[in-house]
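Right, one structure below, let's go through it.
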Amino acid sequence: MANYLPTPVKWVRDQVELYEGSGGTKGLTLLDTGLPCIIVTHTGNKTGAIRKTPLMRVKDGDNYVLIGSKGGAPKNPVWVHNLRANANVEIRDATEVSKMRVREVEDTAERERVWGLAVKAFPPYEEYQSKTSRTIPVFVAEPD
Ligand code: F42
């Protein structure tokens with residue numbers, strides 16, 4: 001059984017601990033925005049460790065849209081490499097935990113559609129994309 005390696009980013013690690021430790025009843029929103037988050041549990045592509053990453057909750061029917069924004073940083077978040085290497089994840093959405101499979105969105109029309117959903121759920125994504133020359137990676141997570 002792989003071990004859980006928490007992120008070194010304290011505020012994020014603390015949110016994961018509050019969210020999961022409360023069984024998905026506390027720590028559900030991004031800081032003081034009041035906007036809902038999910039927790040994606042995935043596998044480290046180098047360590048094989050269990051990694052947990054909070055992301056904004058962007059629904060598309062039964063699917064979730066995962067946005068590799070990292071606040072518009074110049075480089076992709078490393079969880080993107082993990083999802084590219086292993087599509088099997090678990091998504092915790094409040095008290096619900098579901099096994100999902102992720103796929104990176106390559107098709108332009110699909111990307112436009114799901115990007116629209118993401119920006120509606122969390123408007124800062126638009127600004128993050130304008131801040132960086134990299135194309136922010138977009139994944140869709142579908143129930144396994
Ligand atoms: N980040 C987003 O990109 N999008 C969001 O919508 C988003 C929302 C959000 C809401 C709440 C919250 O608390 C955080 C939120 N974040 C969001 C931030 C997100 O949770 C991540 O902190 C951020 O995206 C950066 O992800 P990261 O995977 O780059 O994290 C780094 C800091 C990290 O944890 N690095 C570890 C380390 O030790 O430095 C390694 C992690 C890892 O996965 N290692 C892999 C392994 O094998 O274990 C190897 C990875 C590789 O290939 O190098």
Side-chain angles (χ1 to χ4, degrees), residues 1-106 110-143:
M1 172 67 179
N3 57 327
Y4 168 47
L5 284 182
T7 178
V9 182
K10 184 167 174 6
W11 72 275
V12 175
R13 182 173 65 240
D14 291 349
Q15 173 155 21
V16 170
E17 275 159 29
L18 179 61
Y19 199 132
E20 296 223 317
S22 66
T25 59
K26 290 200 189 94
L28 307 184
T29 58
L30 170 64
L31 303 172
D32 52 1
T33 63
L35 294 173
C37 305
I38 56 171
I39 306 270
V40 183
T41 297
H42 49 101
T43 305
N45 76 89
K46 292 186 178 124
T47 62
I50 295 167
R51 297 292 188 169
K52 292 179 179 286
T53 300
L55 297 176
M56 298 320 292
R57 180 182 184 275
V58 181
K59 285 305 299 269
D60 177 22
D62 290 339
N63 300 345
Y64 290 87
V65 181
L66 312 179
I67 304 289
S69 49
K70 198 181 176 184
K75 285 177 72 181
N76 285 334
V78 294
W79 59 261
V80 166
H81 307 163
N82 296 341
L83 298 195
R84 285 175 176 162
N86 184 332
N88 297 307
V89 304
E90 266 186 11
I91 288 190
R92 171 182 280 281
D93 183 353
T95 57
E96 294 293 309
V97 179
S98 317
K99 286 201 176 317
M100 311 285 277
R101 279 185 62 72
V102 300
R103 61 178 171 81
E104 192 159 3
V105 175
E106 312 289 354
E110 183 185 19
R111 184 192 164 93
E112 244 170 63
R113 186 180 70 77
V114 298
W115 180 260
L117 295 174
V119 170
K120 204 153 147 270
F122 187 60
Y125 282 140
E126 201 69 88
E127 173 212 323
Y128 295 163
Q129 180 57 83
S130 64
K131 260 171 75 175
T132 176
S133 55
R134 73 182 164 96
T135 301
I136 289 180
V138 174
F139 292 83
V140 167
E142 295 157 314

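Fair warning: this is a prediction, and the values are worked out from it, not measured in the lab. Just follow the structure's listing: the first ligand is 1, and inside any ligand the first atom is 1. One is the number of the first residue; the rest follow in order along the sequence.
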Under 4.0 Å from ligand 1, residues with heavy atoms, in chain and number order, are Thr7, Pro8, Val9, Trp11, Val12, Gln15, Leu30, Cys37, Gly44, Asn45, Lys46, Thr47, Arg51, Thr53, Pro54, Leu55, Met56, Ile67, Gly68, Ser69, Lys70, Pro77, Val78, Trp79, His81, Asn82, Tyr125
One should read off an interatomic distance between Leu28 CG and Arg92 CZ, to the nearest 0.5 angstrom, of 9.5 Å
Is Lys59 positioned over the aromatic face of Tyr64, cation under 6.0 angstrom from the ring centre and no more than 45 degrees off axis?
yes
The ring-ring contact (aromatic ring centres under 6.0 Å, His included) partners of Phe122 (sequence neighbours excluded) come to Tyr125
Can you pull the side chain to side chain donor-acceptor pair (under 3.5 Å) pairs that have at least one residue in residues 44-58, sequence neighbours excluded?
Glu20-Lys52, Thr41-Lys52, His42-Thr53, Asn45-Asn82, Arg57-Asp93
I need the minimum non-hydrogen distance between Gln15 and Thr29, along with the two atoms involved.
NE2-O, 3.0 Å
For residues 130-140, which residue pairs qualify under side chain to side chain donor-acceptor pair (under 3.5 Å), counting only residues two or more places apart or in two chains?
Asn76-Arg134
